[in-house]
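Notes to accompany the following structure.
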Amino acid sequence: MATPTQKLTSTTTNQNLRLAHGNPRDFRPLERPAGSAGCLYKFPRFSHLQQAVKMSKPEDLGDANGDADRGDLSGDLRSVLVTSVLNLEPLDEDLYRGRHYWVPTSQRLFGGQIVGQALVAAAKSVSEDVHVHSLHCYFVRAGDPKVPVLYHVERTRTGASFSVRAVKAVQHGKAIFICQASFQQMQPSPLQHQFSMPTVPPPEELLDHEALIDQYLRDPNLHEKYRVGLNRIAAREVPIEIKLVNPPALNQLQTLEPKQMFWVRARGYIGDGDIKMHCCVAAYISDYAFLGTALLPHQSKYKVNFMVSLDHSMWFHAPFRADHWMLYECESPWAGGSRGLVHGRLWRRDGVLAVTCAQEGVIRSKPRVSESKL
C-alpha cells in the first residue's frame, strides 16, 4: 500500500525521478509474493477526479505567496482529499467504510490513504477540544483496491488530558492495517525547543512536477524507452503538489546521500477551521516518496525488485495548514537486513516544526548486471 536506482546514464536518471516524485516503480508493476504484508509504493492515478483537482488548485484562488489563505470564498472549494479520498461513510457507531478513487498499476492500495482514512475514523470518536499528537501504524496485509476498507474504532481510553483510540482496517474479513492514535487536549507549556528549519529556496523559485519532468525529457542522453514512462507520470493527476529541492543533475546521480527535501501541499482549498482534517491530510501526504529515500545511495549498484512499508509513525507538534506549502525533509539513517529506516520532518514556511515522521520498510534488491556485450 503506498506510495512521492542508478548509473550515470539515462536509465538511472529516470529511476531517480521515480523517487523524486514519490514513486520508485512507476514504470512497471511489481509482483508481490503470496501472503506478503506491507504496502507497495505506487504513485496513484486519479481518473474521474481530475477535473475536480484542476478546478481547485490553490494558485487559482490563492494569495501572492501561492498559499490557500483565502478566508470566505464563494462556494468554499475544498481539497479533493477532503471531499473524496478521506471521506468515510458511517455504517454504525465507530464503524466506517472507505472507498478508493483509483486503481494503481501495482494493484495495491496506497498506504497514505489507509493511514489518512484510519486517522479520520479515530478523530470522529473524540471531542472537538482534543487533537491527535501521535500515530503508530502497522501494515499487516496487502490491500485490495477492488473492495472498500472497513475501519473499526476501539475507544481504548478517554481521559481528562489524553485519549487513545485503536483502529483496525479490514478487508475480506481480515485485518490489513492496525494503528494506535493518541489525542491530547491543548495545554500550554513553558518548556519548548525545536531544531532549526533547513535553509532552502522557497517553492515559488522551484520547478513544479510537470516542469521538472519536462526538463529531464529534453535531455538528449535520455533513452527513448524511458521517455514513455516519464510522460505517463506527467499525465497523471494526483491530489498533492510537489516541488523537489535541489533536483539532481546527471553528473550527481552516483553520489547521492540518503536525503531529500521537497515542498508539498494538498491541491485545493481546505480552510483553517478543522485542525483534525489537516492532520489527516498530512498523514496521507507523509507517505509520498518517503521510503524511497533509503534507496538513493545504492541505485547505481543494486536493482530493487520488492519494496513495501511495514510501519508508519507520526508525531504532531504544532497547528498547520496542509493546503499551504510545507517543507518535507527526509533522511535515511540506516538500511540493512533487507529493511530501510527513514525519518521525516514537515516544516511550516515560518520555520515551525509541525510534524515528525518515521517509517521502516522491506527493501529487497539484487546486484545490477552489466549490459556490456563485449
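Values in this document were obtained by computation on a predicted structure and should not be read as measured data. Along the sequence shown, residues are numbered consecutively beginning with 1.
A donor-acceptor contact closer than 3.5 angstrom is absent between the side chains of Ser309 and Gln359. A donor-acceptor pair shorter than 3.5 Å can be found between the side chains of His312 and Ser286. Side-chain contact, Asp144 with Gln171: no donor N or O sits under 3.5 Å from an acceptor N or O. No hydrogens or angles considered: a donor-acceptor pair under 3.5 Å links the side chains of Gln187 and Ser161. Donor-acceptor pairing under 3.5 Å is recorded for the side chains of Arg165 and Thr158.
When each of Leu119, Val120, Val126, Val281 is checked for a side chain to side chain contact (heavy atoms under 4.5 Å, CB included) with Lys276, only Val126 meets the rule.
Checked against side-chain contact (heavy atoms from CB on, under 4.5 Å), Ser182 has the following partners two or more places apart in sequence or in another chain: His133, Ser134, Phe162, Val164. Listed by chain and number, the residues in a side-chain contact (heavy atoms from CB on, under 4.5 Å) with Pro90 are Tyr96 (sequence neighbours excluded).
In this structure, the separation between CG on Asp208 and CD1 on Ile242 is 11.5 Å, given to the nearest 0.5 Å.
Among all heavy-atom pairs drawn from Arg321 and Gly271, the shortest one is NE-O, 3.4 Å.
For the pair Val200 and Leu327, the minimum side-chain heavy-atom distance is below 4.5 Å.
A salt bridge is defined here as a Lys NZ or Arg NE, NH1 or NH2 lying under 4.0 Å from an Asp or Glu carboxylate O, and Lys124 with Glu89 fails to meet this definition. With respect to Arg345 and Glu331, a salt bridge is recorded, a charged nitrogen being found less than 4.0 Å from a carboxylate O.
For Trp315 and His136, the ring centers are positioned less than 6.0 Å apart. For Phe290 and Tyr328, the distance between ring centers is under 6.0 angstrom.
Side-chain atoms of Gln194 come within 3.5 Å of backbone N or O of Leu353 as a donor-acceptor pair.
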